[in-house]
Novice: 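Here's a structure for you.
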Amino acid sequence: MYFLDALDAADRAFHQEVLAFLERELDPALAAADDDQRTFVADHHRGNAWLKKLRPRRWHAGHWPASAGGAGLSPVQNYLLLYALGYAGAPAPPPMGLIYVGPTIVRFGTPAQHETYLPPLLDGTDEWCQGFSEPGAGSDLAGLSTFAERRGDRYVINGSKIWTTDAHHANRIFVLLRTARENTRAAMSFLLVDMNTPGVSVRPIRMLSGDHEFNQVFFDNVEVSTACRLGEEGQGWEIARYLLEIERGSFVFGGRLRRRLEKLIERIRAANRLSPRIAAALAQLDCDLLAYESMEFRMGALGAGGAMRAASANLIKIEWTELLQRIDDLALETGDASMLFGPPDSAPDGGLPMAPALASCFNNLAATIYGGSNEIQRDLVMRALRQVWG
Ligand SMILES: Cc1cc2nc3c(=O)[nH]c(=O)nc-3n(C[C@H](O)[C@H](O)[C@H](O)COP(=O)(O)OP(=O)(O)OC[C@H]3O[C@@H](n4cnc5c(N)ncnc54)[C@H](O)[C@@H]3O)c2cc1C
């Protein structure tokens, strides 16, 4: 890691502590199982098994303040932790709870909401999913139509959310919806809903590979207390933007990408496919990844200010997703048939019989779509630059 030289003694000692922990606690078989991950998040059981190992040190919530039950790591230490986990191939548990909504509740929640939602999230009792996208509202999120009608101290919710990752595992969902009929962002609110409330139902959406990762969630006259609203009525858009900034920019992908590139180089060498053209493509990828790591460290760990703060999240999202797909393109170009096709019975629930490596590459095609497509990210970067340039 090129940036280790820039660390002070305390951060270097912390890094050593993380490496020693990984050496001791991360079973290489657990890591290898996720190298060809077929879905956006790690396999549910492997992810939860790994969370149990992180919990005693609070490293599953490294970026949360200590007062809220997290590890209270500095941004640099949190970066070192996440880079090392990714490089070692530790399973990436679902981010919707611990990474997205947890810090959002810390920021916008009341003391009573902190008490209700944070402890069960930290100890693994609660699993969350994200209810933003709708059949008619993806990139144009402000066009969503799920509606919560106020009746005294209750809301009655009707509508549906789509592409809801892991809704079939979750017992809670955070929902961006309308609480007023006007077609403005000020009509939106942010609710924290128990999935077991009568009227909530989950319909699976199967992927081409046969895997079940996302769902459509329906709200049919779902009655909840106004106490489950995060922030004020009409503050939903601001809260969603805060959460999306975390979603797009607070991951550290450098370590995972570096591991994927090194695994690819190993595969190419073992298959004796290192032609001059492939070597040049690998060298270019290596340089571009180094540039990405440098950007990720500067923006993610050291922090960008002003108008570029949000745009840095957009830039990070564009860069890691496109690098991932370039690594995969080269993997497919240099792979043999065994990397592509699995035995006929290898796909769950009648999906296409793909080998794990191909299913993983297909899955990574979604990376430039989820969290807001890269076209939308580019548009947001352009808007931020306009502010900076005037
Ligand atoms: C694997 C995966 C998991 C997901 N998980 C969740 C989840 O858990 N919860 C959740 O709420 N959502 C989730 N999503 C949904 C995701 O946020 C949306 O797919 C994404 O925001 C794009 O919206 P859309 O699919 O409606 O595409 P559309 O908005 O219909 O876009 C289609 C295409 O048009 C382009 N486009 C649209 N508008 C513009 C524009 N103004 N300028 C230029 N190009 C434009 C887009 O870039 C895209 O290429 C997930 C998606 C995927 C793929």
Side-chain angles (χ1 to χ4, degrees), residues 37-44 47 92-102 104 127-146 157 159-178 188-193 195 200 202-219 230 236-237 239-249 251 253 313-314 317-318 320-322 324-325 328 351 359-383:
Q37 193 169 308
R38 302 165 65 99
T39 46
F40 162 48
V41 291
D43 167 88
H44 192 245
M96 284 72 79
L98 286 165
I99 298 186
Y100 303 169
V101 84
T104 308
E127 294 190 36
W128 287 80
C129 60
Q130 176 178 27
F132 280 11
S133 306
E134 295 186 2
S139 301
D140 178 23
L141 189 58
L144 58 81
S145 61
T146 295
I157 310 172
S160 100
K161 296 289 174 180
I162 199 163
W163 314 124
T164 324
T165 303
D166 271 3
H168 52 304
H169 293 304
N171 62 322
R172 293 194 187 272
I173 180 168
F174 52 92
V175 192
L176 183 66
L177 42 60
R178 279 182 198 288
M188 290 189 201
S189 299
F190 197 106
L191 301 190
L192 308 170
V193 176
M195 299 280 284
V200 178
V202 176
R203 185 195 294 162
I205 300 174
R206 291 271 165 201
M207 301 199 283
L208 195 63
S209 59
D211 294 298
H212 175 198
E213 180 170 33
F214 39 48
N215 306 273
Q216 186 163 2
V217 178
F218 297 89
F219 298 87
L230 192 61
W237 187 254
I239 298 173
R241 278 188 58 176
Y242 180 85
L243 185 143
L244 282 171
E245 240 178 68
I246 301 178
E247 174 169 357
R248 291 163 183 166
F251 285 106
F253 282 98
N314 308 123
K317 206 263 163 174
I318 294 168
W320 78 258
T321 53
E322 295 183 3
L324 176 65
Q325 292 179 357
D328 283 2
S360 171
C361 293
F362 271 10
N363 172 56
N364 288 339
L365 291 175
T368 43
I369 301 172
Y370 54 66
S373 73
N374 283 19
E375 288 78 15
I376 298 301
Q377 307 301 322
R378 286 191 161 83
D379 192 48
L380 294 170
V381 171
M382 208 43 232
R383 285 177 203 212

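One-based numbering, in listed order, for ligands and for the atoms of each.
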Novice: With a 4.5 Å limit on heavy-atom distance, are the side chains of E127 and N171 in contact?
Specialist: yes
Novice: Heavy atoms only, cut-off 4.0 Å: how does T165 contact ligand 1, side chain, backbone, both, or neither?
Specialist: both
Novice: Tell me whether Q130 has any N or O atom under 3.5 angstrom from an N or O of ligand 1.
Specialist: yes
Novice: Answer yes or no for I369: is there a heavy-atom contact with ligand 1 below 4.0 Å?
Specialist: yes
Novice: In the protein, what heavy atom is nearest to atom 52 (C) of ligand 1, and what distance, to one decimal place, separates them?
Specialist: Y370 CB, 3.6 Å
Novice: Counting heavy atoms only, which of G138, S139, S133, G371 comes nearest to atom 28 (P) of ligand 1?
Specialist: S139
Novice: Are any of the side-chain heavy atoms of S160 and E134 separated by less than 4.5 Å?
Specialist: no
Novice: Contact between F40 and ligand 1, counting heavy atoms under 4.0 Å?
Specialist: no
Novice: Just how far is it from atom OG of S360 to atom CG of L324, taken to the nearest 0.5 Å?
Specialist: 7.5 Å
Novice: I need the nearest protein heavy-atom contact for atom 13 (C) of ligand 1: residue, atom name and distance, please.
Specialist: W163 O, 3.2 Å
Novice: What protein heavy atom lies closest to atom 53 (C) of ligand 1? Include the residue and the distance to one decimal.
Specialist: A366 CB, 3.8 Å
Novice: Roughly how far apart are H169 NE2 and M195 CE, rounded to 0.5 Å?
Specialist: 11.5 Å
Novice: Any idea which atoms of ligand 1 are less than 4.0 Å away from a heavy-atom of F132?
Specialist: 11 (O)
Novice: State, yes or no, whether a side-chain contact exists between R172 and V193 at a heavy-atom distance under 4.5 Å.
Specialist: no
Novice: Taking atom 32 (C) of ligand 1 as the reference point, report whether a protein heavy atom occurs under 4.0 Å from it.
Specialist: no
Novice: Return the option from L365, L141, I376 holding the heavy atom at the smallest distance from atom 41 (N) of ligand 1.
Specialist: I376
Novice: Do the side chains of V202 and F218 get nearer than 4.5 Å, heavy atoms only?
Specialist: no
Novice: Is the distance from the ring center of F132 to that of F174 below 6.0 Å?
Specialist: yes
Novice: Can you tell me if CZ on R203 sees more than 12 non-hydrogen neighbours from other groups inside 6.0 Å?
Specialist: no
Novice: Would you say atom 35 (C) of ligand 1 has a protein heavy atom nearer than 4.0 Å?
Specialist: no
Novice: Based purely on interatomic distance, does E375 place a nitrogen or oxygen under 3.5 Å from a nitrogen or oxygen of ligand 1?
Specialist: yes
Novice: Decide, yes or no, whether a salt bridge links R378 with E322 under the criterion of side-chain N to carboxylate O below 4.0 Å.
Specialist: yes
Novice: Quick one: does R38's side chain get under 4.5 Å of M207's, heavy atoms only?
Specialist: no
Novice: Which residue and non-hydrogen atom of the protein lie closest to atom 46 (C) of ligand 1, and at what distance in Å?
Specialist: S373 OG, 3.4 Å
Novice: Any protein heavy atom under 4.0 Å from atom 26 (O) of ligand 1?
Specialist: yes
Novice: Could you tell me the residue and atom name of the protein heavy atom closest to atom 2 (C) of ligand 1, and the distance to it rounded to 0.1 Å?
Specialist: F214 CE2, 3.6 Å
